[in-house]
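In this text the structure is predicted, and so the values were computed from the model without any measurement. Ligands are counted one by one from 1 in listed order, and the atoms in each one are counted from 1 as well. Starting from 1, each residue takes its place in the sequence as its number.
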Amino acid sequence: MKIAVLGGDGFVGWPTSLHLSDKGHDVHIIDNLSRRWIDTELGVQSLTPMDSIQERTRIWHEETGRKIRFHLIDLARDYEIFKQWLVEHRPDAIIHFAEQRAAPYSMKSDRHKNYTVNNNVNATHNVLNAIVETGVNAHLVHLGTMGVYGYSTIGAAIPEGYLPVGIETLEGETVAQEILYPANPGSIYHMTKCLDQLLFQFYAKNDGLRITDLHQGIVWGTHTDQTRKHPQLINRFDYDGDYGTVLNRFLIQAAIDHPLTVHGTGGQTRAFIHIQDSVRCIELALNNPPEAGEKVKIFNQMTETHRVRDLAEMISKMTGAEVAYLPNPRKEASENDLIVKNEQFLELGLNPITLEEGLLDEVVEVAKKFAYRVDRSRVPAVSAWTKDIAKTVEKDPEGKRLKSVS
Ligand code: USQ
């Protein structure tokens with residue numbers, strides 16, 4: 001297949017591009033390199049040293065003989081250029097990762113809120129609009145999030161995207177309907193992914209586009225089979241308070257002797273998936289597209305759930321790291337249960353990698369190797385969800401607030 005990977009320079013986009021290229025697909029990365037610019041804006045860098053996209057693809061070619069082409073396009077702005085690109089290349093599939101993906105970054109200021117909404121919603125709409133306009137018959141696979149469902153305890157399993165409901169008619173009869181599971185975003189970033197769902201629903205219905213939406217949990221780990229092939233193919237790895245995600249952050253914190261930064265009681269339960277499974281799921285989704293005219297196909301792309309404090313305690317036991325319970329900068333339920341259905345990927349043959357020490361050790365090893373690159377002052381999460389929360393969460397770049405509160 002000829003595959004366009006939008007956002008192919010990012011944390012999941014890069015290993016996905018390598019995986020698909022390895023499988024013999026003709027991979028084209030389209031990216032505006034915004035993630036690299038955000039590193040510059042925030043004054044942080046990936047824990048792992050990352051080469052330019054051109055250099056990465058050159059090394060890939062040297063190692064494997066396979067070519068990945070790179071095209072510098074800003075999907076949120078360069079609509080006409082993207083349309084031209086589609087006409088010229090006519091991909092069989094488009095994988096859409098090209099969105100600002102960090103919840104804390106999206107909540108930093110009004111400017112960051114605007115940027116995240118403008119970038120994410122425009123990019124998604126431009127892609128859909130351009131597919132229709134050019135008549136390219138490409139299957140669109142989008143990287144969505146488990147966060148569209150929200151995190152309230154309801155005592156029921158979260159289905160894969162759709163909820164059967166009964167609606168009472170004026171005559172008092174009950175009619176069966178299937179609706180998108182009620183959207184309940186917890187940040188501006190998650191809100192954009194909820195908006196994406198409506199765009200997909202409309203374009204699948206109105207234009208018969210073939211769309212798959214992957215509701216992914218929190219990704220952990222760093223290596224895949226392909227990123228291991230050469231030191232310069234290494235994946236990016238974020239540890240800072242905005243882009244670092246919880247499990248990877250704890251592993252890095254343990255490696256640099258930093259207390260593990262649990263927000264609140266750590267009673268938040270979340271869905272997780274290893275990066276290697278993430279790229280496998282994307283391949284499975286590519287190989288199983290919906291038919292034109294079918295509703296959007298939604299998968300829950302996660303393999304297990306964990307409570308944040310259990311992860312912290314586990315890593316503490318494994319490494320001896322101290323656990324710090326901190327004021328939570330986010331507005332979120334302090335405790336929640338989470339049961340998620342994920343049968344579709346299992347039925348398609350996914351054999352999940354689950355949390356086990358070997359793999360955790362691997363991440364700690366990577367963290368130790370590059371610990372000299374860590375700026376400890378960037379570890380605390382200081383982006384507060386509301387102005388009131390900001391007052392209670394002291395903004396302290398030197399990490400003075402990193403005192404255990406329980
Ligand atoms: N948390 C801590 N300590 C930390 C960092 C986070 O306790 O140092 C807590 C947060 O308060 C939250 C949970 O851990 O309750 C998860 O936070 P996260 O930063 O790991 O994940 P999140 O902000 O939800 O976003 C990440 C990705 C996003 C993806 C999402 C999947 O950045 O792109 O969509 O995970 S999900 O969480 O399932 O919505």
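Near Ala103, with a cut-off below 4.0 Å to any heavy atom, the atoms of ligand 1 are 23 (O). Atoms of ligand 1 found under 4.0 Å from any heavy atom of Tyr151, numbered from 1 in the order shown, are 36 (S), 37 (O), 38 (O), 39 (O). If you number the atoms of ligand 1 from 1 as listed, the ones under 4.0 Å from a heavy atom of Gln216 come out as 31 (C), 38 (O). Every atom of ligand 1 is numbered from 1 in the order shown, and the set under 4.0 Å from a heavy atom of Val308 is 7 (O), 14 (O). When each atom of ligand 1 is checked for a heavy atom of Arg270 under 4.0 Å away, the hits are 15 (O). For ligand 1, the atoms sitting less than 4.0 Å from at least one non-hydrogen atom of His190 are 24 (O), 39 (O), numbered in the order shown with element in parentheses.
The aromatic rings of Phe82 and Trp85 lie parallel to each other, with less than 30° between the two planes, well short of the 60° mark. Ring geometry, His96 versus His142: the interplanar angle falls from 30° to 60°, so the pair is classed tilted.
Classification of Glu335 and Arg307 as a salt-bridged pair holds, one side-chain N sitting under 4.0 Å from a carboxylate O. Contact check on Glu55 versus Arg58 returns a salt bridge, with a Lys/Arg side-chain nitrogen under 4.0 Å from an Asp/Glu carboxylate oxygen. No salt bridge links Asp238 with Arg249; every basic N to acidic carboxylate O contact stays at or beyond 4.0 Å. Between Lys113 and Asp110 no salt bridge is recorded (no basic side-chain N to carboxylate O distance below 4.0 Å). Ion pairing between Glu41 and Lys108 fails under the 4.0 Å rule for side-chain N and carboxylate O. Between Asp213 and Lys193 no salt bridge is recorded (no basic side-chain N to carboxylate O distance below 4.0 Å). The residues Arg280 and Glu283 are annotated as not salt-bridged, no charged nitrogen and carboxylate oxygen being separated by less than 4.0 angstrom. Remark: Glu313 does not engage Lys317 in a salt bridge, criterion side-chain N to carboxylate O under 4.0 Å.
Of the N or O atoms in Val246, one or more lie within a sub-3.5 Å distance of an N or O in ligand 1. Among the atoms of Thr261, some N or O lies under 3.5 angstrom from an N or O of ligand 1.
Interatomic distance, CD of Gln344 versus OG1 of Thr212, reported as 9.5 Å (0.5 Å rounding). With rounding to the nearest 0.5 angstrom, the NZ atom of Lys331 is 6.5 Å from the CD1 atom of Ile389. The line from CD1 of Ile29 to CD of Gln54 is 10.0 Å long, rounded to the nearest 0.5 Å.
From the protein, the heavy atom lying nearest to atom 30 (C) of ligand 1 is Thr145 OG1, 3.8 Å. For atom 26 (C) of ligand 1, the closest non-hydrogen atom on the protein side is Thr245 CG2, 3.8 Å. Given atom 32 (O) of ligand 1, the protein heavy atom at minimum distance is Arg101 NH1, 2.8 Å. What sits closest to atom 22 (P) of ligand 1 on the protein, heavy atoms only, is Arg330 NH1, 3.8 Å.
Of all the heavy atoms of Arg249, the ones lying under 4.0 Å from any atom of ligand 1 belong exclusively to the side chain. The backbone of Val262, and not its side chain, has at least one atom closer than 4.0 Å to an atom of ligand 1 (non-hydrogen atoms only; backbone = N, CA, C, O). At a heavy-atom cutoff of 4.0 Å, ligand 1 is contacted by no atom of Phe272, backbone or side chain. Counting heavy atoms closer than 4.0 Å to ligand 1, residue Glu332 contributes side-chain atoms (C-beta onward) but none from N, CA, C or O. With a heavy-atom cut-off of 4.0 Å, Met302 does not touch ligand 1 at all.
By the neighbour-count criterion of 12 heavy atoms within 6.0 Å, atom CZ of Arg77 is sparsely surrounded, having that number or fewer from other residues, nucleotides or ligands.
Of all the listed residues (Val219, Ile218, Leu338, Leu247), Ile218 holds the heavy atom that lies closest to atom 16 (C) of ligand 1. The nearest non-hydrogen atom to atom 1 (N) of ligand 1, considering only Met146, His263, Gln268, comes from His263. The closest non-hydrogen atom to atom 29 (C) of ligand 1, taken over Tyr189, Tyr149, Tyr325, comes from Tyr189.
No heavy atom of His215 sits closer than 4.0 Å to any atom of ligand 1. Under a 4.0 Å heavy-atom criterion, Tyr243 is not in contact with ligand 1. Taking a 4.0 Å cut-off on heavy atoms, Ala381 fails to register as neighbouring ligand 1.
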